[in-house]
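What you see is a predicted model; the values in this text were computed from it and never measured. Just so it is clear, the values below take in all heavy atoms, side chains as well, and ignore hydrogens, waters and symmetry mates.
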Amino acid sequence: MAISHLNFRSDVLGKATSVTVYLPDKHLTDYPVLYLLHGLSDDCNSWLDATSLARYASAYEFVIVMPQVDLSFYTNMASGDAYWDFLTLELPQKMAQWLPISQLPSRTFVAGQSMGGYGAFKWGMQYPEKFKGVISMSGALDLVSLWSRDPDRDGLFNRIFGDKAHLETSDDHLMRLFSSALNEETAPHFLQICGTEDYLFADNQTFKHQADKAIKQYTYEAYPGDHSWGFWDQKIQRVLAFCDELCS
């Protein structure tokens, strides 16, 4: 395997940014691709630094793309950069130019933890036609609830979303993104994982109640564990196996 760090200028962001890429040893021209998204306090190297991802991934044939999005919650920020457009429009195009990855939805996956779990579900819910599998680990899936009970986030969330009223009525609020497209045979498979001791467990339960009714191919898994890299090191193994099964 190889680890590549791609530094490039983003036209959408108007600045330089970075992507870390895991590349398997076997030479293919159309690898399945997993976009693996980082959490709020992390960066594009965190999955490799904090888990044994490279060792686990060696059993599979995925290219794993880990972008850098800073403290953006994968949004076009109210006071900041357009990371949603970067993630969904510019990044896949550039990766297709530079990497030997398939562009078929049947071989395209997205996953993430915490803020990245939110970003993965947001991407999969807004663009279900682009993915075969969408996975959230310990995702921040009800930001309106999280903001309401944690006013210490006001400064950060105001910069990202504007204000709470705007978030609640925007497509950045996942509860607004359930649609008929998610209940069709062609919809991607959604996997939601959360630890029962996670401070976001109640929010994950809230999302589950809606998803059970609205997403045709949906699996929810709760395990003992908290909001930590020890938990995510375990569950990234489940994610890789889940994606591999969908690829076969």
Side-chain angles (χ1 to χ4, degrees), residues 6 10-13 17 19-23 28-38 44 47 57 60-69 72-76 82-113 115-137 139 141 170-193 207 210-211 214-219 236 239-240 242-248:
L6 305 179
S10 164
D11 294 330
V12 169
L13 300 176
T17 189
V19 173
T20 300
V21 180
Y22 169 92
L23 294 160
L28 299 176
T29 58
D30 62 343
Y31 281 106
V33 57
L34 170 62
Y35 291 93
L36 187 56
L37 310 184
H38 69 72
C44 62
W47 272 107
Y60 303 96
E61 293 180 351
F62 286 97
V63 168
I64 304 175
V65 175
M66 294 161 277
Q68 174 80 34
V69 303
S72 71
F73 259 92
Y74 300 89
T75 68
N76 292 335
Y83 276 104
W84 178 243
D85 288 347
F86 166 72
L87 178 74
T88 61
L89 302 177
E90 186 176 30
L91 179 67
Q93 183 182 48
K94 288 189 178 296
M95 296 301 98
Q97 290 174 355
W98 298 335
L99 301 174
I101 58 175
S102 174
Q103 298 190 52
L104 296 175
S106 61
R107 294 170 69 80
T108 304
F109 302 85
V110 61
Q113 110 283 4
M115 181 183 81
Y118 163 86
F121 268 20
K122 180 182 171 186
W123 199 356
M125 294 174 78
Q126 287 207 32
Y127 296 102
E129 73 280 2
K130 294 184 180 295
F131 298 101
K132 182 68 171 181
V134 181
I135 306 99
S136 167
M137 291 167 279
L141 303 184
S170 76
D171 286 345
D172 291 325
H173 184 31
L174 297 190
M175 300 302 175
R176 289 176 42 86
L177 298 182
F178 291 103
S179 68
S180 60
L182 301 178
N183 204 28
E184 297 176 357
E185 292 290 343
T186 55
H189 295 247
F190 283 76
L191 173 61
Q192 181 184 343
I193 298 171
F207 187 93
Q210 187 84 355
I215 302 179
K216 186 175 186 64
Q217 302 183 101
Y218 168 75
T219 302
I236 191 61
V239 170
L240 291 168
F242 176 79
C243 295
D244 186 62
E245 182 178 349
L246 291 178
C247 261
S248 60

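Of the inter-residue distances, the one linking Q210 atom CD with L141 atom CG reads 12.5 Å to the nearest 0.5 angstrom. Atom-to-atom distance recorded for F62:CZ and D244:CG is 5.0 Å, nearest 0.5 angstrom. Atoms CG and OG1, on L246 and T108 in that order, are 12.0 Å from each other to the nearest 0.5 Å.
Not counting sequence neighbours, the partners of S106 by the side chain to side chain contact (heavy atoms under 4.5 Å, CB included) test are L104. Checked against salt bridge (charged side-chain N to carboxylate O under 4.0 Å, His left out), E185 has the following partners two or more places apart in sequence or in another chain: K216. Residues passing the salt bridge (charged side-chain N to carboxylate O under 4.0 Å, His left out) test with E184, sequence neighbours excluded: none. Partners of S10 under the side chain to side chain donor-acceptor pair (under 3.5 Å) rule, at least two apart in sequence or in another chain, are E90. For A82, the side chain to side chain contact (heavy atoms under 4.5 Å, CB included) criterion is met by V12, N76, D85, not counting sequence neighbours. A search for side chain to side chain contact (heavy atoms under 4.5 Å, CB included) contacts involving S72 returns V69, M77, Y83, not counting sequence neighbours. Applying the side chain to side chain donor-acceptor pair (under 3.5 Å) criterion to Y22, with sequence neighbours excluded, gives no partner residue.
Contact detail for M115 and H38: the closest heavy-atom pair is CE-O, 3.7 Å. M66 approaches C44 most closely through the heavy-atom pair O-CB, 3.2 Å.
Looking at Y118 and T75, their side chains come closer than 4.5 Å, going by heavy atoms from C-beta outward. Between F190 and L182, some side-chain heavy-atom pair lies under the 4.5 Å cut-off. For the pair V19 and M95, the minimum side-chain heavy-atom distance is below 4.5 Å. Using a 4.5 Å cut-off on side-chain heavy atoms (C-beta onward), L99 and V33 make no contact. Between F109 and C247 there is a side-chain heavy-atom pair separated by less than 4.5 Å. Proximity of W47 to I64: side-chain heavy atoms (C-beta onward) are nowhere separated by under 4.5 Å.
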Full working for side-chain contact (heavy atoms from CB on, under 4.5 Å) between Y35 and L91: CA-CA 10 Å; Y35 291 93; L91 179 67; 4.1 Å; yes
Test side-chain contact (heavy atoms from CB on, under 4.5 Å) applied to L36 and I236, step by step: CA-CA 10 Å; L36 187 56; I236 191 61; 4.0 Å; yes
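Applying the side chain to side chain donor-acceptor pair (under 3.5 Å) rule to pairs touching residues 95-105 yields nothing, sequence neighbours excluded. Sequence neighbours left out, not one pair with a member in residues 28-38 passes salt bridge (Lys or Arg N to Asp or Glu O under 4.0 Å).
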All N/O donor-acceptor pairs, side-chain side in residues 122-135, below 3.5 Å, sequence neighbours left out:
| unit_1 | atom_1 | unit_2 | atom_2 | d |
| --- | --- | --- | --- | --- |
| K122 | NZ | Y74 | O | 3.0 |
| K122 | NZ | D172 | OD1 | 2.6 |
| Q126 | NE2 | D171 | O | 3.4 |

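F207 and F178 have tilted rings, their planes meeting at an angle from 30° to 60° on a 0 to 90° scale.
Under a 3.5 Å cut-off, the side chain of Q113 and the backbone N or O of M137 do not form any donor-acceptor pair.
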